[in-house]
**Q** 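Got a structure for you, written out below as structure tokens; questions coming shortly.
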Amino acid sequence: MPTNRPNILLIMNDDMGYSDIGCYGGEIQTPNLDRLAAHGVRLTQFYNTARCCPTRASILTGLHPHQVGIGWMTAQIDEDGYRGSLSDTCVTIGEALKLAGYATYMSGKWHVSHDQAPDGPKYCWPCQRGFDRYFGILGGAANYWQPNTLTRDNDAMDLKSLPGDFFLTDAISDEAANYIREHAATNGDAPFFLYTAYSAPHWPLHAHEEDIRRYQGRFAAGWDRLREERLQRMRDMGILDASWPMTERDSTQPPWDEAPHQAWQQRRMEVYAAQVDRMDRGIGRIVAALEETDRIDNTLVLFLADNGACAEEFAAEVRPLPSTYSGGTTKTRDGRTVLRGNDPTVMPGPEHTYQSYGVTWANLSNTPFREYKHWVHEGGIATPLIAHWPAVIEDHGALRHQPGQLTDIMATCLDVAGADYPTRFNGNDIVPLEGTSLAPIFHDQPNHKEALIWEHEGNKAVRRGQWKLVCKYPGDWELYDIIANRTETEDLAERHPEVVEELGAVFDAWAERCGVKPWEHVSERLSAMRGRRSGRSDYGAIDRRPGASR
């Protein structure tokens, strides 16, 4: 085993668009991420899996989500590949690196276990899946000021003991920084793996007033002009090819000049920006802990998002959160009722509000791409990926255009750690690793990725060579020359039926091998299980965009 094995810090945030952070063209102030990018490399064509749970399952295991039991979300569906918790035929990065002598820590959002009750089964909690220490939320969303549950290691925390200034994003950051300091004090030169999974900027729109004020008026120009400005910055940076056209504004949305409630609309994006800003400052504190403990040079830092921007809209009618709601507490700490609803007369941000930023600003966040979280057009799956490793990465500030996807993260971690991927673990045969190490890409070399393939809720895609075949369920296959037209504005399916047939067969073979079931079948199982309309989010009644059925 190499004696100079690197530490690994994997940071992922939640529901952030491709171009939101400064070093990818956005307006949001992210100096700490920008600094990592300036002294590392940025991948421009890296992909997640379009949704929170499947992404977390894939990034942790190096497998596709259906292969590890999370083909949809954490609902416990009576169907192999969709049972809602990580299976026992996979290993996590934590489990594999522990076998190689790494200390393993996690701070943040888990969301890969159906069982989350503190008095229930814990077989798929972080400390049972390879992590020495854990702090965070086991579910998918939380009130930032007062989560309805918090877990430390294997125990539910006493929420009454939280400090008066508790804020989830800060807590995730500070716990991660503390793990680094404690590791330095107690583990000497042993390497560590730290997975920091923010819930920001996932709804609800919660932020401190002083953070929101930093963005007051910044989005007053509206989504149309801001998309054009982002596009130009991204072209100037070299992130986008200048020949790729901007996609049209989402057809459900008006031009900014005709948009009602502009003050409220601006406020939604201001709060969202404040959420990302707060996270970036927390990342700065984590990096400072690496510097203080003299570990920054030999630590591989990776930062990415779990899916594209989220276009989910709450109903306009403001209602109290139901007492059974898993995404947050129903009362503020001072006794006020938490009211959920995108009511334009209620400004988001404070603890008693519960809103989302919706289609309009998600369209900006995903500039210049189509679609959003849930879908596998570029807007749903394209993510920033920053890699920072001073001891190894020398081409500071460079861009890397080779494609990669989530399964490659585990392959990369094992590669740089000199660790083996087990064929058996805890008495079970383990599904072979799907990913390919990204380490060659850091040095601008190919990693020989043959094809990238996705499926979520019937939305499906294959990217191979110059082509991307993609379907927005329940529509037909579309075909794009992803090199000439990554923004997917010119469908070539009718002109190249032979490519559609060839790549369609690639998808079918992959789906059969990975246990992907037809979405109609999964939807029927969900409907029967829950007695409600299939395909809805497991967070409660939301529209994915205005006019969507409930």
**Q** Roughly how far, to the nearest 0.5 Å, is CG of Asn13 from OG1 of Thr383?
**A**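 Result: 7.5 Å between the selected atoms.
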**Q** Measure the spacing between CD of Gln405 and OG1 of Thr55 and express it to the nearest 0.5 Å.
**A**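 The CD atom of Gln405 sits 10.0 Å away from the OG1 atom of Thr55.
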**Q** Using the test ring pair (Phe, Tyr, Trp, His ring centres under 6.0 Å), find all partners of His66 that sit at least two apart in sequence or belong to another chain.
**A**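 In terms of ring pair (Phe, Tyr, Trp, His ring centres under 6.0 Å), with neighbours along the sequence ignored, His66 is linked to Tyr82, Trp510.
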**Q** Any chance you could lay out the side chain to side chain donor-acceptor pair (under 3.5 Å) test for Ser365 and Asp20, step after step, and finish with the verdict?
**A** CA-CA 5 Å; Ser365 290; Asp20 274 325; 3.0 Å; yes
**Q** Which pair of heavy atoms, one from Ile70 and one from Gly84, lies closest together, and at what distance?
**A**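 Between these two residues, the closest heavy atoms are CG1-C, 4.1 Å.
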**Q** Do the side chains of Glu455 and Lys460 get close enough for a salt bridge, i.e. N-O under 4.0 angstrom?
**A**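 Looking at Glu455 and Lys460, the cut-off is not met.
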**Q** Taking C-beta and beyond as the side chain, do Phe46 and Arg400 meet within less than 4.5 Å on heavy atoms?
**A**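 Not in contact.
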**Q** State which residues pass salt bridge (charged side-chain N to carboxylate O under 4.0 Å, His left out) with Asp119; sequence neighbours excluded, sorted by chain then number.
**A**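 Partners of Asp119 by the salt bridge (charged side-chain N to carboxylate O under 4.0 Å, His left out) criterion come out as none, since no residue qualifies.
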**Q** Restricting to non-hydrogen atoms, name the atom on Gln275 and the atom on Leu205 that form the minimum distance, rounded to 0.1 Å.
**A**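 So the minimum-distance heavy-atom pair works out to OE1-CD2, 3.6 Å.
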**Q** Taking the side chain as everything from C-beta on, heavy atoms only, tell me whether Asn366 gets closer than 4.5 Å to Tyr372.
**A**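 SC-SC contact between Asn366 and Tyr372 confirmed.
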**Q** Given the side-chain rings of Phe131 and Trp125, with only the six-membered ring counted for Trp, is the space between their centroids under 6.0 Å?
**A**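 No, they do not, as the ring centres are separated by 6.0 Å or more.
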**Q** Between Lys517 and Asp80, does at least one N-O distance fall below 4.0 Å, as a salt bridge requires?
**A**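 No, this pair does not count.
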**Q** Please examine the side chains of Thr407 and Thr61, heavy atoms only from C-beta on, and report whether any two atoms are closer than 4.5 Å.
**A**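 Contact flag for Thr61/Thr407 side chains = no.
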**Q** With a sphere of 6.0 Å drawn around CG of Asp476, does it hold more than 12 non-hydrogen atoms of other residues, nucleotides or ligands?
**A**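 No, not enclosed.
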**Q** Walk me through it: do Gln76 and His114 pass the test side chain to side chain donor-acceptor pair (under 3.5 Å)?
**A** CA-CA 6 Å; Gln76 193 172 32; His114 170 73; 3.2 Å; yes
**Q** Minimum heavy-atom separation for Leu526 to Ala75, with atom names?
**A**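 Smallest interatomic distance, heavy atoms only, reads CD2-CB, 4.3 Å.
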**Q** So do Phe303 and Leu9 actually touch side chain to side chain, heavy atoms under 4.5 Å?
**A**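 SC-SC contact between Leu9 and Phe303 ruled out.
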**Q** Between NE2 of His374 and SG of Cys52, what distance do you get to the nearest 0.5 Å?
**A**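 Going from NE2 on His374 over to SG on Cys52, the span is 8.0 Å.
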**Q** Please report the closest heavy-atom contact between Tyr473 and Asn459, naming both atoms and the distance.
**A**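 Between these two residues, the closest heavy atoms are N-OD1, 2.8 Å.
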**Q** Do Thr49 and Ile381 have side-chain heavy atoms sitting under 4.5 Å apart?
**A**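 In short, these two side chains do not touch, never coming nearer than 4.5 Å.
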**Q** Taking all non-hydrogen atoms of both residues, which atom of Gln116 and which atom of Thr74 are closest, and how far apart?
**A**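 It is NE2-OG1, 4.2 Å.
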**Q** How many angstroms lie between atom CD1 of Ile386 and atom CG of Leu304, to the nearest 0.5 angstrom?
**A**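 Atom-to-atom, Ile386:CD1 and Leu304:CG are 9.5 Å apart.
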**Q** Does Arg278 offer a backbone N or O that forms a donor-acceptor pair with the side chain of Thr169 under 3.5 Å?
**A**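 Not at all, since once roles are kept as given, no pair shorter than 3.5 Å links the two residues.
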**Q** With the side chain counted from C-beta on, respond yes when Val41 and Leu385 share a heavy-atom pair under 4.5 Å apart, and no when they do not.
**A**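 They are not in contact (no side-chain heavy atoms under 4.5 Å apart), so the answer is no.
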**Q** Go through the steps to decide whether His401 and Thr44 satisfy the test side chain to side chain donor-acceptor pair (under 3.5 Å), and finish with yes or no.
**A** CA-CA 5 Å; His401 301 296; Thr44 65; 2.8 Å; yes
**Q** Could you tell me whether the side chain of Ile453 reaches within less than 4.5 Å of the side chain of Arg463, counting heavy atoms only?
**A**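 No. Closest side-chain heavy atoms not under 4.5 Å.
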**Q** Is Arg464 paired with Glu450 through a side-chain N to carboxylate O contact shorter than 4.0 Å?
**A**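 Between Arg464 and Glu450 there is no salt bridge, as every charged N stays at least 4.0 Å from the carboxylate O atoms.
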**Q** Taking all non-hydrogen atoms of both residues into account, name the closest pair between Cys514 and Glu434 and its distance.
**A**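 Looks like SG-OE2, 4.5 Å.
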**Q** Between Arg152 and Glu175, is there a side-chain N and carboxylate O pair less than 4.0 Å apart?
**A**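 Salt bridge between Arg152 and Glu175, a charged N being under 4.0 Å from a carboxylate O: yes.
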**Q** Does the pair Lys122/Asp115 count as a salt bridge with the N-to-O cut at 4.0 Å?
**A**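 Here Lys122 does not pair with Asp115 in a salt bridge, since their nearest N and O are not under 4.0 Å apart.
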**Q** Check each of Thr30, Val287, Leu302 against Leu36 using the side chain to side chain contact (heavy atoms under 4.5 Å, CB included) test, and report the only one that passes.
**A**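 By the side chain to side chain contact (heavy atoms under 4.5 Å, CB included) criterion, Leu36 pairs with just one of Thr30, Val287, Leu302: Val287.
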**Q** In this structure, which one of Asp132, Thr104, Asn7, Asn187 forms a side chain to side chain contact (heavy atoms under 4.5 Å, CB included) with Phe192?
**A**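 Going through Asp132, Thr104, Asn7, Asn187 one by one, the side chain to side chain contact (heavy atoms under 4.5 Å, CB included) with Phe192 is satisfied by Asn7 alone.
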**Q** For Asn447, which residues count as a side chain to side chain contact (heavy atoms under 4.5 Å, CB included) partner, sequence neighbours excluded?
**A**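 Expected list: Asp408, Thr436, Leu438, Pro440, Ile441, Lys449.
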**Q** I need the Cys127 SG to Asn154 CG distance, nearest 0.5 Å.
**A**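 These two atoms lie 5.0 Å from each other.
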**Q** Do Tyr480 and Trp467 have ring centroids that are under 6.0 Å from one another?
**A**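 No: the rings miss the under 6.0 Å criterion.
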**Q** Answer whether the closest heavy-atom distance between the side chains of Asn426 and Asp88 falls below 4.5 Å.
**A**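 Answer no - side chains too far apart.
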**Q** What's the verdict on side-chain contact (heavy atoms from CB on, under 4.5 Å) for His202 and Met16, showing C-alpha distance, side-chain angles and the deciding distance?
**A** CA-CA 8 Å; His202 192 295; Met16 188 187 77; over 6 Å; no
**Q** Please identify each residue that fulfils ring pair (Phe, Tyr, Trp, His ring centres under 6.0 Å) with Phe369, with sequence neighbours left out.
**A**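 Counting only residues at least two positions away or on another chain, Phe369 forms a ring pair (Phe, Tyr, Trp, His ring centres under 6.0 Å) with Tyr18.
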**Q** Would you check if the distance from the ring center of Trp203 to the ring center of Phe314 is below 6.0 Å?
**A**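 Centroid separation for Trp203 and Phe314: below 6.0 Å.
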**Q** Would you check, one step at a time, whether the test side-chain contact (heavy atoms from CB on, under 4.5 Å) holds for Val522 with Glu79?
**A** CA-CA 8 Å; Val522 179; Glu79 186 74 59; 5.5 Å; no
**Q** Tell me, please, which residues at least two apart from Tyr179 pass ring pair (Phe, Tyr, Trp, His ring centres under 6.0 Å).
**A**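 Once residues adjacent in sequence are excluded, the partners of Tyr179 under the ring pair (Phe, Tyr, Trp, His ring centres under 6.0 Å) criterion are Tyr105.
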**Q** Using the rule given for side-chain contact (heavy atoms from CB on, under 4.5 Å), can you reason through Met73 versus Arg51, listing the C-alpha separation, both sets of side-chain angles and the distance that settles it, and then say yes or no?
**A** CA-CA 8 Å; Met73 299 285 280; Arg51 193 80 176 276; 3.5 Å; yes
**Q** My understanding is that only one of Met410, Gln67, Glu95, Arg129 makes a side chain to side chain contact (heavy atoms under 4.5 Å, CB included) with Cys90; could you say which?
**A**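 Between Cys90 and the candidates, side chain to side chain contact (heavy atoms under 4.5 Å, CB included) is satisfied uniquely by Arg129.
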**Q** Going by an N to O cut-off under 4.0 Å, is there a salt bridge joining Asp306 and Lys373?
**A**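 The answer is no: the pair does not qualify as a salt bridge.
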**Q** Using ring centroids (six-membered ring only for Trp), state whether Tyr102 and Phe193 fall under 6.0 Å.
**A**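 They do not qualify: ring centres at least 6.0 Å apart.
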**Q** Before accepting this row, confirm whether a basic side-chain N of the pair Asp14/Arg56 lies closer than 4.0 Å to the acidic partner's carboxylate O.
**A**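 Looking at Arg56 together with Asp14, the answer is yes, because their closest N to O distance falls below 4.0 Å.
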**Q** So, Arg370 and Glu378, do they make that salt bridge, N to O below 4.0 Å?
**A**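 Glu378 and Arg370: not salt-bridged.
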**Q** Side chain to side chain donor-acceptor pair (under 3.5 Å) for Tyr198 and Ser173? Distances and angles first, verdict last.
**A** CA-CA 8 Å; Tyr198 287 98; Ser173 301; 2.7 Å; yes
**Q** Report the residues that fulfil ring pair (Phe, Tyr, Trp, His ring centres under 6.0 Å) with Trp477, sequence neighbours left out, ordered by chain and then residue number.
**A**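 Expected list: Phe507.
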**Q** Taking the basic N atoms (NZ, or NE/NH1/NH2) and the acidic carboxylate oxygens, is any pair closer than 4.0 Å for Lys472 and Glu478?
**A**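 No.
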**Q** Just how far is it from atom CD1 of Ile137 to atom CD1 of Ile172, taken to the nearest 0.5 Å?
**A**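 If I round to the nearest 0.5 Å, the distance is 6.0 Å.
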